[in-house]
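To start, the structure itself, in structure tokens.
Please read these numbers as outputs of a predicted model, since none were measured by experiment. Remember, it's 1-based here, ligands and their atoms both numbered in the order they're listed.
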Amino acid sequence: WIFEHYGWVIERAVHETKGWRPVVSFHSSSNVDRTSPDTSSTHQQQPDPPQIELTFPINARYRFDNFVVGEGNEFAFSAAQAVAESPGKTAFNPLVIYSGVGLGKTHLLQAIGYHCQTHATAGHIVFITAEKFISDYIGSIRRRDTSEFVATYRTADILLVDDIQFFLQTEGSQREFFHTFNTLFQNDKQIVLTSDCAPPNLKGFEPRLVSRFESGLVANIDAPDIETRIAILNNKAESRGTVLPEDVGRYIAERHATNVRELEGALTRILAFAELKREHLTAELVSRLFPHRIQDMGGDPNLSLSRIQETTADFFSLSIDQLAGSSRRQELTQARHVGMYLCKALTRSPLKSIGIQFGRKDHTTVINACRSVEKRIEMDSAFRELVRQLKARLVRQGVA
Ligand code: ADP
Ligand code: MG
């Protein structure tokens, strides 16, 4: 119980203050080897724990225990759990999870990584977006040294690749991915991929790669039904320390049918609004404030700002709260600055609105953020590539 409820809290606290991620396990005193000098609660249970290595941070926010299971995602959820428990040892290799946006692919993929990490079912865990894979690959070609790249990916015990549709038409990196895939597969290492469509519909992919993708288990996530949507809203409200009145949950769920991220966004706005107005959250209040779809409030400019913000958060595997918060952790400020920069670059919104969108910052903060991003783009080619990819994703989504 303590592990489930506090394990990740402790891990995150250490990560935030110390910059590295511990693996926390708890031992009841009767099981502890009393002759061992180290009986602290943060050591590994196994005598010889695998060294945990991560190339891309696993976000402890995405776990199996806070993923609400319903008819539409049950199959993908069960497969993900099976794979996380015995990576490389099930018939689900590779596991491909596909769905439309905002239905929990990244959540499940991260949860697999998190489970492997916390239960030490895999040593070398590699979580990566297809975009990062490509930019690492291009970087290694530029440096004329692919050995580090090859070592990182081909020695994974579990390789988690998010959004493979972005491999799109980059031949070199597809070839490299094909080899990585084969090496891992032949060595019984687990591969999990997510995609926005079924493998045969992936455009620009070599047929041999597509047939590899289909050789294990392909699991689809369908949009959640109304009961699942209500359960998700309750779950999210609870994790923010609020209880959602039943009719309010239903009201929101009825108006947001296709996308869990939107559902979350609507909840955030409603909670913020109720707090600002200092009014009790009732269905009557919500229907008065938001007679239509909640996203439609405020007209188009704000809509694009929140879309940019959501996509940026997703791209950096952060929550909206982290992105719009005021933590000065470097990875957070960097992502925040990039988000503000893209809002300025891609919309006509006034700086003031951008500042408000990013947690009530004033317009000088936005200007400074944009300057610092511009400067770094000039000096740092990897960073430039990252921003370019995110921008391309936004343009593809039709945000800008
Ligand atoms: P995708 O990668 O498919 O676009 P995400 O995994 O990023 O979608 O999900 C979007 C948001 O919705 C995340 O904040 C995620 O935690 C949440 N979410 C999606 N499905 C569920 C679910 N079944 N239970 C709880 N949260 C969910
Ligand atoms: Mg995703």
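Between V260 and ligand 1, a contact under 3.5 Å exists for no N or O pair. In terms of polar-atom proximity, V101 is not counted as a contact of ligand 1, lacking any N or O under 3.5 Å from an N or O of the ligand. Ligand 1 has a nitrogen or oxygen under 3.5 angstrom from a nitrogen or oxygen of L103.
Listed by number with element, the atoms of ligand 1 under 4.0 angstrom from any heavy atom of I232 are 22 (C), 23 (N), 24 (N). Each of the atoms 24 (N), 25 (C) of ligand 1 lies under 4.0 Å from some heavy atom of N66. Every atom of ligand 1 is numbered from 1 in the order shown, and the set under 4.0 Å from a heavy atom of D314 is 7 (O). Of all the atoms in ligand 1, the ones that sit under 4.0 Å from a non-hydrogen atom of N73 are 23 (N).
In this structure, E374 places its CD atom where more than 12 heavy-atom neighbours from other residues, nucleotides or ligands lie under 6.0 Å away.
The structure places CG of L342 at 12.0 Å from CZ of R393, a figure rounded to the nearest 0.5 Å.
Of the residues E238, R61, K236, H107, the one that meets the side-chain hydrogen bond (donor to acceptor under 3.5 Å, both in side chains) test with N66 is H107.
Contacts between T106 and ligand 1 below 4.0 angstrom, taking non-hydrogen atoms only, involve backbone and side chain alike.
Nearest protein heavy-atom contact of atom 16 (O) of ligand 1 is H107 ND1, 2.7 Å.
At a threshold of 2.8 Å, the Mg ion (ligand 2) has a backbone or side-chain N, O or S atom of T106 nearer than that distance.
Residue contacts with ligand 1 do not include D163, since none of its heavy atoms lies under 4.0 Å from the ligand. Not a single heavy atom of Q110 sits closer than 4.0 Å to an atom of ligand 1.
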Check: Run the ring pair (Phe, Tyr, Trp, His ring centres under 6.0 Å) check on F149 and F133 step by step: do they pass?
Finding: CA-CA 9 Å; F149 176 86; F133 185 93; 5.2 Å; yes
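Comparing heavy-atom distances from atom 8 (O) of ligand 1 across P224, A313, A111, G104 singles out G104 as nearest.
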